[in-house]
Each structure stands twice: as C-alpha cells, then as structure tokens.
Amino acid sequence: MKTPQIRKTPRQSRAKETVEAILTAAAHILTSEGFEALTTNRVAAVAGASVGSLYQYFPNKEALVRALCERHTQGVRDRIRARFAEAWERPVDEVARAVIQGMVEIRRHQPKLHQELLRLAPAVGGLKELHAVEHEVEALLTRFIESRPKEIAASDAAQAAFIVCHAVQACVHGAVLEKPEWLKQDAFVEELVEMVVGYLGRPGSP
C-alpha cells in the first residue's frame, strides 16, 4: 500500500493545537477501542474539531497512525540523545543504565498505545522512523565504544553497537507487546544493563 502522509504541516499556534488535539483523540480511540473504531469522523468528534479541519492534515486513519508513530519515535530519539549527552563521561555501566532507562521509561506511559503502534507500524510506513532511530543509536553507541578502548572489549565498534542496539530494542519491544508490566520494574532495566555490560566487557577487563 502507498505510505500515508500528513497533508500539510501546521505552522500557526491554533493549527498546531488542532493537530495535537486530533492526535490525542486518535491515540485515545486506538488504545480504548481499537483500530477498527479509529474513523476520521470519530476522531474529529472526540477532538472537538470538524472533519474538514482533520482532512486538511490527515487524508485517512492510516495517516493518523503514521503521525502517531512519528511522534513516538521522535520522543524516543530525543530521550536517547539526552541520556547519551548527560552520561557520556560516566562509567560504562552507568551510561548503559541511563540510555536503557530512557528507552524503557518512554514506553511506560500509555503501554497499550505503544503496543498498537508496534503492530500497525509496518502497514502504515512507520518502520522508516523506527529504523532511523535505530541507526542514530548505533552511530552514537559506535562513537562511545570507540572513545573507550581501554574499558570496552570490542574489535569492531560498529558491529558491537549494532548487536547491542538490536538486542536491547528487541527485548524492549518484546516487553511492550507481551510483558508490559516489566516496563515498570527496575529489575528489567538492570537485567538489560547486565547483558550489555557483560557483552561489551566490564570496566577494567582486558
């Protein structure tokens, strides 16, 4: 299917508020009633907007879901950038903990919404944004590994970054889909930290 796109980008404050209300309504309907109930008329009604206003920005419900995917992945990207920046100079295990906590925490809010977005992303073209986030995390992690040659045992920094990124992402996505209660447990984060630090080599190891 053709990838659904937002029709135009809101620029004025009032337009941005309208789009935000529409997306908030779409998220509420998607999580409480499911994708089948997510019609443009229903979303407009819940958002308190006219259908005409909705159609200015979203041609169909698939475009609404795509926009929700984009909003979510942007949130993930911003959170991970911030965590890397804050923890860059700290010990390896603390950096791993900060970044993984960021990846988990953003899914703790509205876990049902994240479940639906993961399931629907392939059908609405949302995987493009997900892959973009993964590539950015890989690049940041590669730089970090290369900056710690005495602490991290990795003969190929890019390959190690790829493995760590996809392993953690798979675990987090698996928890979103099957074990959302784990996202609220610090023990889940600590297990992922142990996995990452154990793979990269604990600080001070040869």
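Source: prediction; values computed, not measured. Along the sequence shown, residues are numbered consecutively beginning with 1. Computed from heavy atoms alone, side chains included, the values below leave out hydrogens, waters and symmetry copies.
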Evaluation steps, side chain to side chain contact (heavy atoms under 4.5 Å, CB included), between V104 and W182: CA-CA 9 Å; V104 171; W182 287 0; over 6 Å; no

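Between E136 and the options R79, R81, R143, a salt bridge (Lys or Arg N to Asp or Glu O under 4.0 Å) holds for only R81.
Using a 4.5 Å cut-off on side-chain heavy atoms (C-beta onward), E116 and L68 make no contact. Between H72 and R107, the closest side-chain pair of non-hydrogen atoms falls below 4.5 Å. Contact of the K128 side chain with the R66 side chain is registered, since non-hydrogen atoms from C-beta on lie closer than 4.5 Å.
Judged by distance alone, the side chain of K61 and the main-chain N or O of V43 form no donor-acceptor pair under 3.5 Å. No side-chain donor-acceptor contact under 3.5 Å links T24 to the backbone of A21. Looking only at distances, no side-chain donor or acceptor of H114 sits under 3.5 Å from a matching main-chain atom of R108.
A continuous path of hydrophobic side-chain contacts links V92 to F84 [ILVMFWY only; heavy atoms under 4.5 Å].
No more than 12 heavy-atom neighbours from other residues, nucleotides or ligands sit within 6.0 angstrom of CD on E191. The number of heavy-atom neighbours closer than 6.0 Å to CD of E181, taken from other residues, nucleotides and ligands shown, is above 12.
In this structure, CZ on R83 lies 12.5 Å from CG on D78, to the nearest 0.5 angstrom.
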